[in-house]
Amino acid sequence: MRGLVSARGVNVVYEPNRGARIWSVRDVDLDLAEGEFVGLVGESGCGKSTLGFALTRLLQPPGRLDGGSISFDGTDIASLSGEQLRAQRRNGFALVLQSGMNALNPVRTIGHHFGDILKAHARDGDDYTRASIRRRGGDLLEQVELKAEVLDRYPHELSGGMRQRVVIALALALEPRFIVFDEPTTALDVMVQKAVMNTIKSLQASQRFTALLISHDLGTVLEATDRLLVMYAGRIIEDKPSAEVLTGVHHPYTDALLGCYGDPRAEVVQLHGIPGMPPDLSTTGGGCLYADRCALARNGCRDSVPQLAPAGSGRVACFVRAPAPNARSKSADPQTEGQR
Ligand SMILES: Nc1ncnc2c1ncn2[C@@H]1O[C@H](COP(=O)(O)OP(=O)(O)OP(=O)(O)O)[C@@H](O)[C@H]1O
Ligand SMILES: [Mg+2]
């Protein structure tokens, strides 16, 4: 069954200059159900943000969709433009980025930000007055645990955590049914990260919007989400219920990512780096793009591209499928191993 958000065969390329092509998202199929909270992880540069931009139709040149379809509640949004897209966006989808300061206009008060967004997407019959904007802005700030007096402040008068809460409140202003959170807490200190993440979790639980959380922090993602998507070199290579990830994954890359994550409460934490580097996305590559870094790779892995196929309660794109129990220690580079 198709989800609220559904992608089929989505490809995104960046063409930063003549002749240069970077295939950042490749042949992605995914479905995000109504009210589902899904995590998206993978090493830097593997295409997570690009996929988030594509799903919310916020991709900017030199990036462009190069085939595939993206539907939102049954409407193909990949082909919409102008007023049709604005109408979908009004009640549809929002994107929350990492740095609150960049998303806010330094010379406008927070109250003005709410006014701008509400008026820009007003429907026929909406009559936003200063008083009604302040009321709605105050309510939205309350949802992210800020006081209404923040409406009169400028962005530079707020802490990083408060700014990020404001950005989340602005994203909620149009009551979206789908929100992409692209590393929403990365720029914050650890305690504030936790508090903002808790706010996101409780908003999602109470408002039941569909959420895609992009993060490097596997621990946070596993704690918050229902399902985990793992991306490598532009492709989704594993899709698994988050609750089952710590008890066993199928793709050797997911296993290697787990090796980079240590539970600080454990008495002994074994961390393993992933040897090598992700591939250059300007080459198309024939087979599994992880094969060069994979301790389990065999001849056939380089012949054709593995497609996502059912594996346990999830899906995996790997010819070897289930890594041997000791795959993690085999694939680890002793030079990057650390022990505490
Ligand atoms: N504006 C751009 N112009 C050219 N290439 C780009 C542009 N933005 C991204 N890319 C390319 O697309 C690839 C994927 O980038 P993307 O930002 O989606 O990765 P990411 O997984 O979000 O990384 P990170 O975890 O560091 O945020 C990058 O390797 C980069 O080469
Ligand atoms: Mg990114």
Side-chain angles (χ1 to χ4, degrees), residues 5 7 9-30 32 38-68 70 78 93-103 164 167-168 171 178-188 193 196-197 200 211-222 224-225 228-239 251 253-254 256-258 260-261 273-274 276-285 289-290 292-293 305 317:
V5 180
V10 167
N11 290 291
V12 178
V13 292
Y14 288 99
E15 291 167 316
N17 45 53
R18 193 182 277 267
R21 299 193 96 198
I22 300 159
W23 282 269
S24 297
V25 170
R26 304 174 189 218
D27 211 12
V28 163
D29 286 355
L30 60 77
L32 307 177
V38 177
L40 178 62
V41 299
E43 282 167 287
S44 185
C46 66
K48 305 181 296 297
S49 298
T50 304
L51 180 58
F53 294 146
L55 294 177
T56 48
R57 274 298 307 271
L58 288 167
L59 205 56
Q60 300 291 327
R64 66 174 175 82
L65 209 59
D66 182 35
I70 300 170
F93 30 89
L95 176 73
V96 171
L97 293 169
Q98 186 182 114
S99 169
M101 197 63 200
N102 296 342
Q164 200 59 349
V167 171
I168 295 167
F178 172 44
I179 307 183
V180 174
F181 294 94
D182 190 354
E183 312 219 28
T185 61
T186 303
L188 307 173
Q193 275 185 8
V196 172
M197 209 46 237
I200 292 174
L212 182 68
L213 172 64
I214 298 173
S215 175
H216 285 116
D217 183 350
L218 196 51
T220 300
V221 171
L222 292 182
T225 60
L228 180 75
L229 298 175
V230 183
M231 220 172 161
Y232 185 74
R235 294 181 184 278
I236 305 276
I237 52 97
E238 183 145 23
D239 172 355
H251 203 289
Y253 178 64
T254 316
L257 277 184
L258 282 168
C260 303
Y261 160 66
I274 309 177
M277 299 276 288
D280 177 359
L281 296 181
S282 58
T283 57
T284 44
L289 292 175
Y290 186 60
D292 288 345
R293 303 171 78 188
V305 177

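Quick note: residue numbers are just sequence positions, from 1. Counting starts at 1 for both ligands and their atoms, following the listed order.
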Looking only at side chains, do Asp280 and Ser282 share a donor and an acceptor under 3.5 Å apart?
yes

Please tell me if atom 7 (C) of ligand 1 is touched by the protein, where touching means a protein heavy-atom distance below 4.0 Å.
yes

Any donor-acceptor N or O pair under 3.5 Å, side chains Thr254, Glu238
yes

Do any N or O atoms from the side chain of Glu43 and from the backbone of Leu257 form a donor-acceptor pair under 3.5 angstrom?
no

Between ligand 1 and Met231, can you find any atom pair, the residue atom being a heavy atom, that is separated by under 4.0 Å?
no

Is the shortest N/O to N/O distance between Gly47 and ligand 1 below 3.5 Å?
yes

Could you check whether any heavy atom of Cys46 sits closer than 4.0 Å to an atom of ligand 1, since that is the contact criterion I want to use?
yes

With a 3.5 Å cut-off and no angle check, do the side chains of Tyr290 and Arg235 form a donor-acceptor pair?
no

Between Leu281 and ligand 1, does any nitrogen or oxygen pair lie at a separation below 3.5 Å?
no

Select the closest option to atom 11 (C) of ligand 1 among Gly234, Ser282, Ser24, judged by heavy-atom distance.
Ser24

Can a non-hydrogen atom of Gln60 be found less than 4.0 Å from any atom of ligand 1?
no

Taking only non-hydrogen atoms of His216 and a 4.0 Å limit, the atoms of ligand 1 in range are 25 (O)

Taking 2.8 Å as the cut-off, does an N/O/S atom of Ser44 lie below it from the Mg ion (ligand 2)?
no

Below a 4.0 angstrom heavy-atom separation, can you tell me which part of Thr50, side chain or backbone, both or neither, approaches ligand 1?
both

